[in-house]
Amino acid sequence: MADKIKMLTPLVEMDGDEMTRIIWKMIKEILINPYVELNTEYYDLGLEYREKTKDQVTIDAANATKKYGVAVKCATITPNAERVKEYNLTQMWKSPNGTIRAILDGTVFRTPIVVKGITPFIPTWKKPITIARHAYGDVYKNVEMTVGENCKAELVVTAPDGTETRETIHNFDGAGIIQGQHNTDKSIASFARACFNYALDQKQDLWFATKDTISKKYDHRFKDIFSEIYGKEYEERFNKAKIEYFYTLIDDAVARVVRSDGGYIWACKNYDGDVMSDMVATAFGSLAMMTSVLVSPEGIFEYEAAHGTVQRHYYRHLKGEKTSTNSVATLFAWTGALRKRGELDKTPDLITFADKLEKATIQTIEEGVMTGDLVSLSSLENKKTVDTETFLREINDRLVKLL
């Protein structure tokens, strides 16, 4: 065999949980290590180790990503009450993705992976739709309280000189709940620039949507910052590239998206982007067929799978049963990170390898070899279901020929 491809700079590698952790190891063993002299700085973001380090490992991984510029991340558990009991946790640790996004101050771009034989559920969609999701603040950095009856809830802002500005949220006759959210002008501006830069890079129109008619200060602030930055820094460049930026209300955007033929970037606030990326992924076929990359304003990249840890398949795996788990999104997180590392280090062999691994993956599916979730979606006549490991080995057979 030819010499393995060298990596000049390490990738930050963030391992994860459950079935995706099993797949992570398989991808490295079958599709990467035989061809690449893999150079990574490894962080274990599995829930047990996050508990052991009191989540310091997540912060360390994010700071390492700042240092090296490129990371690849496996899917991780964000614990709920059931998970706290299951894993005997001392507390309900926050989403690692949320922590990393806050530290990197990045924007998440998610794009469906389109293959022949899988027709989008929305028949007008001919080209992929990229969701650009703001990755800081809002409900993901919220403060919540339960409220007893006959209580008054207020928003209070204290100025440096100690003076207070107060707004009544609600006077509670009976028990209820309150939630406080925030964002910063700096983060919104970073979000805007990341979206404008990505649109220019992809040569695609950019849509942005909030609900400023109802949220006249919070959502309106997003609208104003986008508008101001676009006018001052990007309008001429967009005109020159013959692409368009426009703002609309979120409900209008949803209607436009459903009627469109795709091929643009749709920028959303944090929660909107979380929900809409799942909707777009599912309508194109599967959450496991979607790329996801977090891009910071400084040009730092973190690639990940856009789905969860595939808990149901993991429990079957533990019983010794064969699973047919779709590994494409996790695999494309690796290829995205390897390609970006190659681009930044100017190592064309690494870029070519990533391209060919993606090509081999798509070729495998288009030749009718796929996991169970895709078999039910594919309109190909001759198709067969293979298990998790066999799917990766089938990709490898085609990769060998391409290399």
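These values consider heavy atoms only, across backbone and side chains, with no hydrogens, waters or symmetry-generated copies.
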Any salt bridge between [X] and [Y], counting N to O under 4.0 Å?
X      : Y      : result
Glu304 : Arg110 : yes
Arg339 : Glu343 : no
Lys269 : Asp219 : yes
Asp224 : Lys217 : no
Lys152 : Glu154 : yes

Do we see a donor-acceptor contact under 3.5 Å between the side chains of [X] and [Y]?
X      : Y      : value
Asp373 : Thr371 : yes
Asp17  : Thr76  : no
Glu51  : Thr90  : yes
Asp387 : Thr390 : yes
Gln56  : Asp60  : yes
Glu41  : Tyr68  : yes
Asn183 : Asp138 : yes
Asn97  : Lys73  : yes
Tyr140 : Asp274 : yes
Glu298 : Ser296 : yes

key: Under the salt bridge (Lys or Arg N to Asp or Glu O under 4.0 Å) test, residues paired with Asp251 that sit two or more places apart   =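 Result, salt bridge (Lys or Arg N to Asp or Glu O under 4.0 Å) vs Asp251: Lys211.
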
With a cut-off of 6.0 Å (strictly less than), are more than 12 heavy atoms of other residues, nucleotides or ligands near [atom1] of [X]?
X      : atom1 : answer
Lys141 : NZ    : no
Tyr42  : OH    : yes
Lys322 : NZ    : no

query = Any idea how Phe172 and His170 line up, ring-wise: parallel (<30°), tilted (30 to 60°), or perpendicular (>60°)?
reply =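 Ring orientation, 0 to 90° scale: perpendicular.
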
query = When rounded to the nearest 0.5 angstrom, what is the spacing between CD1 in Ile243 and CZ in Arg237?
reply =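 Reported value, rounded in 0.5 Å steps: 9.5 Å.
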
query = Any donor and acceptor pair, going by atom type alone, linking the side chain of Trp125 with main-chain N or O of Val257 inside 3.5 Å?
reply =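 Checking the backbone N and O of Val257 against the side chain of Trp125, a donor-acceptor pair under 3.5 Å is found.
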
task = Would you list the pairs meeting ring-ring contact (aromatic ring centres under 6.0 Å, His included) in which at least one residue belongs to residues 188-233, sequence neighbours left out?
result =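 Non-adjacent pairs meeting ring-ring contact (aromatic ring centres under 6.0 Å, His included): Phe109-Tyr198, His134-Phe191, His134-Phe222, Phe191-Phe208, Phe191-Phe226, Phe196-Phe226, Phe196-Tyr230, Phe196-Tyr234, Phe196-Phe238, Phe196-Tyr245, Trp207-Phe246, Trp207-Tyr264, Phe208-Phe226, Phe208-Tyr247, Tyr230-Phe238, Tyr230-Tyr245.
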
